[in-house]
Amino acid sequence: MPGEHSRAFAPGRVNLIGEHTDYNQGLALPFAIADGVTVSAQAEPVAMPGEEARVSAFARDLGEHDEFALADPQPAAGWRAFVRGTVAELARAGFPLVGASLEISGGLPPGAGLSSSAALEVALCLVLAELGSQGESDVAKELDRTELARLCARVENDWVGAHTGLLDQLASLYGAPDAALCIDFRVLAVEQVPLRLGDWRLVVLDSGERHVHASSGYNQRRAECVRACQLLGVESLRDADSVAVAGLPEPLRRRAQHVLGENERVLEAVAALRADDLAAIGALLDASHESLRDCYEVSTPAVEDAVASLRQASAVGARVIGGGFGGSVLGLFAPGGKPPAGACDVRPGAGARLIDS
Ligand code: GLA
């Protein structure tokens with residue numbers, strides 16, 4: 001029966017360039033990838049009137065369960081915080097919800113810098129909204145995807161404790177085959193930019209080091225940017241100029257300098273993609289990595305090893321992606337280039353969607 005089952009897939013993302021710019025009202029150029037998270041849901045109506053509706057969840061890859069009252073999810077740790085937070089934020093935003101049992105599965109390792117958490121939040125939103133609509137509306141078409149991204153960011157910020165921006169969720173929600181997404185976070189505009197790889201290859205290589213943004217240096221970096229803005233008297237680093245930034249105390253000067261330079265690199269990358277100049281993208285990836293390592297200081301020895309192994313394999317550009325402090329690195333290879341063992345090809349794919357259950 002319509003409305004009793006629902007299934008959704010939400011992809012992870014790779015950010016081609018534009019790192020730590022999203023919460024600074026800057027620019028980024030991510031794309032959705034083929035791997036992601038699938039959530040299947042079955043409505044569990046209450047047996048007796050007055051009985052409390054409940055949500056149960058099973059994380060297949062971890063072999064772990066959770067269960068809580070639909071009307072009153074309590075804070076929890078780990079993956080449970082994402083599920084409870086998404087249910088609570090959907091309810092707070094006025095989505096009609098029903099009791100449900102959920103099953104979560106997917107091929108994205110958590111903490112590997114490919115946005116497993118955003119993919120989980122987004123897939124949960126789609127299935128829960130669909131179940132709650134009881135099959136009466138075309139949820140996937142009618143949802144405001146930008147509003148959904150904001151809702152998911154509240155889950156990260158308020159339930160998980162990671163003060164992340166909107167990059168991952170917007171990439172997962174707006175992904176498109178053969179296109180990177182140029183996102184302007186000041187106005188939340190998303191524009192598709194054709195990403196034609198031809199015989200070139202983009203690969204990700206896992207550094208093997210896992211991050212948890214709630215406890216890594218991520219929140220500290222964000223706080224440093226806020227402090228830099230206060231000292232500069234601007235609302236966001238998007239409004240900062242390089243002369244004023246040069247006068248900031250360290251390490252704020254380097255943090256702000258990274259953000260200003262990274263926004264410029266995004267614009268240059270968009271121009272390079274439009275000109276099919278992938279060699280120029282390689283140079284921009286290297287420049288971004290240097291800035292993330294030296295100015296933003298989000299690299300680690302394991303990340304540096306992974307970048308070095310891509311470069312030794314003749315990558316024309318390589319850099320840490322996502323929040324850093326571990327996770328994956330991205331490498332670009334010219335035709336005929338041979339990525340090292342363990343590297344996985346990535347290319348732009350479609351965004352989050354409901355799938356036949
Ligand atoms: C993580 C966050 C994003 C973004 C990146 C860095 O992926 O979730 O919001 O800040 O780090 O660009």
Side-chain angles (χ1 to χ4, degrees), residues 1-13 33-48 51-93 95-112 114-135 139-140 143 148 151-152 154-156 158-162 168-169 172-173 210 212-214 352-357:
M1 277 215 343
E4 286 190 355
H5 306 274
S6 174
R7 206 151 153 244
F9 171 81
R13 63 96 190 90
I33 57 177
D35 283 332
V37 173
T38 300
V39 178
S40 308
Q42 158 95 34
E44 298 288 356
V46 293
M48 312 265 275
E51 202 178 296
E52 168 185 77
R54 299 191 68 78
V55 176
S56 66
F58 175 52
R60 174 164 286 288
D61 303 344
L62 302 170
E64 292 177 2
H65 289 269
D66 191 23
E67 200 188 327
F68 55 93
L70 173 66
D72 188 26
Q74 294 295 309
W79 66 275
R80 294 177 177 87
F82 293 98
V83 180
R84 294 176 181 213
T86 305
V87 168
E89 292 300 328
L90 282 169
R92 217 156 66 98
F95 283 86
L97 299 178
V98 294
S101 67
L102 309 169
E103 184 173 305
I104 301 159
S105 57
L108 284 177
L114 301 174
S115 289
S116 58
S117 44
L120 172 57
E121 294 146 17
V122 167
L124 283 166
C125 281
L126 293 187
V127 286
L128 290 166
E130 154 106 9
L131 270 195
S133 82
Q134 317 257 338
V139 165
L143 285 173
L148 218 52
L151 187 151
C152 293
R154 290 198 292 275
V155 175
E156 297 268 353
D158 301 342
W159 289 78
V160 179
D168 310 338
Q169 292 83 4
S172 181
L173 282 156
R210 294 285 166 261
V212 176
H213 287 322
R353 55 206 177 261
L354 288 167
I355 46 186
D356 289 339
S357 32

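One distance of note links CG of Asp356 with NE2 of His5; it measures 12.5 Å at 0.5 Å rounding. The distance from the CZ atom of Phe82 to the CD1 atom of Ile104 is 10.5 Å, given to the nearest 0.5 Å. For the atom pair Cys125 SG and Leu120 CG, the distance stands at 9.5 Å (nearest 0.5 Å). Between Leu102 atom CG and Leu128 atom CG the span is 5.5 Å, to the nearest 0.5 Å. For the atom pair CG of Leu126 and CZ of Arg7, the computed distance is 13.5 Å after rounding to the nearest 0.5 Å. Expressed to the nearest 0.5 Å, how far CG of Leu148 lies from CG of Leu90 amounts to 7.0 Å.
By the 4.0 Å N-to-carboxylate-O rule, Glu52 lies close enough to Arg54 to be salt-bridged with it.
Using a 4.5 Å heavy-atom threshold, the side chains of Phe95 and Leu143 count as touching. Val87 is listed as a side-chain neighbour of Phe68, based on a closest heavy-atom distance under 4.5 Å. A heavy-atom distance below 4.5 Å is not found between the side chains of Glu103 and Gln42. Contact annotation: the side chain of Asp66 approaches that of Trp79 to within less than 4.5 Å [non-hydrogen atoms, C-beta and beyond]. In this structure the side chain of Leu354 reaches within 4.5 angstrom of the side chain of Ser6, judged on heavy atoms. The side-chain heavy atoms of Val37 and Val122, taken from C-beta on, include no pair separated by under 4.5 Å. Trp159 has its side chain out of reach of Arg154: every pair of non-hydrogen atoms, C-beta onward, lies at least 4.5 Å apart.
Remark: side-chain polar atoms of Asp35 are not paired, donor with acceptor, to backbone N or O of Gly12 under 3.5 angstrom. Put simply, the side chain of Ser172 never gets that close to the backbone of Gln169: no donor and acceptor are under 3.5 Å apart. Remark: the backbone N or O of Ser105 is not paired with any side-chain donor or acceptor of Arg60 at under 3.5 angstrom. The backbone N or O of Gln74 lies less than 3.5 Å from a partner atom in the side chain of Arg84, making a donor-acceptor pair.
Taking each heavy atom of Gly99 and Leu70 in turn, the nearest pair found is N-CD2, 3.7 Å. Nearest approach of Ala10 to Ala119, heavy atoms of both residues: CB-O, 3.2 Å. Here the closest non-hydrogen pair linking Leu131 and Ala41 is CD1-CB, 3.7 Å. Nearest heavy-atom pair, Leu108 versus Gly36, reported as atom, atom and distance to 0.1 Å: CD1-CA, 3.6 Å. Contact between Val39 and Leu124 at its shortest, heavy atoms only, is CG1-CD2, 4.0 Å.
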**Request:** With side chain to side chain contact (heavy atoms under 4.5 Å, CB included) as the test, would you mind laying out the steps for Glu156 and Ser117 before giving the verdict?
**Result:** CA-CA 8 Å; Glu156 297 268 353; Ser117 44; 3.3 Å; yes
**Prompt:** Between Arg80 and Glu64, does a salt bridge (Lys or Arg N to Asp or Glu O under 4.0 Å) hold up when you go through it step by step?
**Reply:** CA-CA 9 Å; Arg80 294 177 177 87; Glu64 292 177 2; 3.7 Å; yes
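Residues Ser115 and Arg13 bring a donor and an acceptor atom of their side chains to less than 3.5 Å of each other. Judged by distance alone, the side chains of Glu44 and Ser101 do bring a donor and an acceptor atom under 3.5 Å apart.
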